[in-house]
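Have a look at the structure below before the remarks.
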Amino acid sequence: MASVVPLKEKKLLEVKLGELPSWILMRDFTPSGIAGAFQRGYYRYYNKYVNVKKGSIAGLSMVLAAYVFLNYCRSYKELSESLLDCFASGGVSPDRVGLVHRLI
Amino acid sequence: MNENLFTSFITPMMLGLPLVTLIILFPSLLFPSSNRLINNRLISLQQWALQLMSKQMMSIHSTKGQTWTLMLMSLILFIGSTNLLGLLPHSFTPTTQLSMNLGMAIPLWAGAVITGFRNKTKASLAHFLPQGTPTPLIPMLVIIETISLFIQPMALAVRLTANITAGHLLIHLIGGATLALTSISPTTALITFIILILLTILEFAVAMIQAYVFTLLVSLYLHDNT
């Protein structure tokens, strides 16, 4: 029972901390390897949450929530800049300053 | 006046890489395919909806026209799902770009018209002159019918673009107005908030209706020509 599993075939949780950099470098970074990783990830999610007998709305909602989150990350820079402009002009967005002044 | 109002319509790029390709491909993730007879709930729901739509839309066509079923059903699914996904916060809607809608409208319209000219030349040319026109009016009417034919793809594309863009802009504006009004007059802010909710419900409907209208018009052009 003393067979040593080679480093390449260990799963992530079985790799010891000191071996981590060499484990990462040994992963398959070819295009087909990356495509395979995406495919495996997709099927893992699909078979766990969607392709079940009584799937619920959660399977779809988690995907949509991740989509919203990624879009937020993408537009974070513009949003933070427009927030800065908003606080600079006293609590309203800079294009609505005229409207607010007229209403007061 | 409103530079930041239109920033949500800029094509998204990240470090020079076109993210917009990924965003256009994303709805396909939500429609899994299956070989089985009995599927999970998601696929069963989608198959039911697809059958309903195809029966409703393709039953008026002849056998030749029904060969377009796959194309038209993919079209309505794509436009519907893209419009609905655009209603999520912070998301980018590809159908707000005129370039994309023209890219969908012109080939489909041209395909229908060219099919008509190749297979039923006399009938397609006869469309240019409505029945029973007085003889002196014929030249003018032919010109008008030609113009109306060539305007069809433009109208298809611009209709979709304008409807979706206008809806998104209204949501931005009314949402911003609600926020600005909360500090001034909470009652007015509440009324504006109710308007915002109604508008969002309208936008959900518009998203699906526009997909339907687009596909229906293409199928109509097809029906004229097969």
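Every heavy atom of this structure was used, including side-chain atoms; hydrogens, water molecules and symmetry mates were not. Letters A, B, ... mirror the listed sequences (proteins, then strands); counts begin at 1.
Both the backbone and the side chain of B:Phe92 come within contact range of chain A, each with at least one heavy atom under 4.5 Å from a heavy atom of that chain. At a 4.5 Å heavy-atom cutoff, the contact between A:Leu79 and chain B is made by side-chain atoms alone. There is no contact between A:Leu70 and chain B, counting heavy-atom distances below 4.5 Å. For A:Val52, the part lying near chain B is the backbone, with the side chain staying farther off; criterion is any non-hydrogen pair under 4.5 Å.
Side-chain atoms of B:Leu29 and A:Tyr67, non-hydrogen and from C-beta on, never get closer than 4.5 Å to each other. The shortest side-chain heavy-atom distance between A:Leu64 and B:Leu85 falls under the 4.5 Å cut-off. Using a 4.5 Å cut-off on side-chain heavy atoms (C-beta onward), B:Asn39 and A:Asn51 make no contact.
Taking the six-membered ring for Trp and thresholds of 30 and 60 degrees, A:Tyr72 and B:His90 have ring planes inclined between 30 and 60 degrees apart.
Around OH of A:Tyr45, the count of heavy atoms belonging to other residues, nucleotides or ligands within 6.0 Å exceeds 12. Residue-environment remark: OH (A:Tyr42) exceeds the threshold of 12 foreign heavy atoms within 6.0 Å. Atom CZ of B:Phe117 has more than 12 heavy atoms from other residues, nucleotides or ligands within 6.0 Å. Heavy atoms of other residues, nucleotides or ligands lying less than 6.0 angstrom from CD1 of B:Ile38 number 12 at most. With a 6.0 Å radius and a threshold of 12 heavy atoms from other residues, nucleotides or ligands, A:Tyr43 has its OH atom at or below the threshold. Within a 6.0 Å sphere centred on CD1 of B:Ile197, heavy atoms belonging to other residues, nucleotides or ligands number more than 12. Crowding of A:Phe38 atom CZ: a count of heavy atoms from other residues, nucleotides or ligands under 6.0 Å not exceeding 12.
With values rounded to the nearest 0.5 angstrom, A:Ser56 atom OG is found 11.0 Å from B:Leu42 atom CG. A distance of 11.0 Å separates CG in B:Leu22 from CZ in A:Arg74, rounded to the nearest 0.5 Å.
Side-chain atoms of A:Tyr46 and B:Asn40 include a donor-acceptor pair closer than 3.5 Å.
For chain A, the option among B:Ser185, B:Ser34, B:Pro32 with the highest count of heavy-atom pairs below 4.5 Å is B:Pro32.
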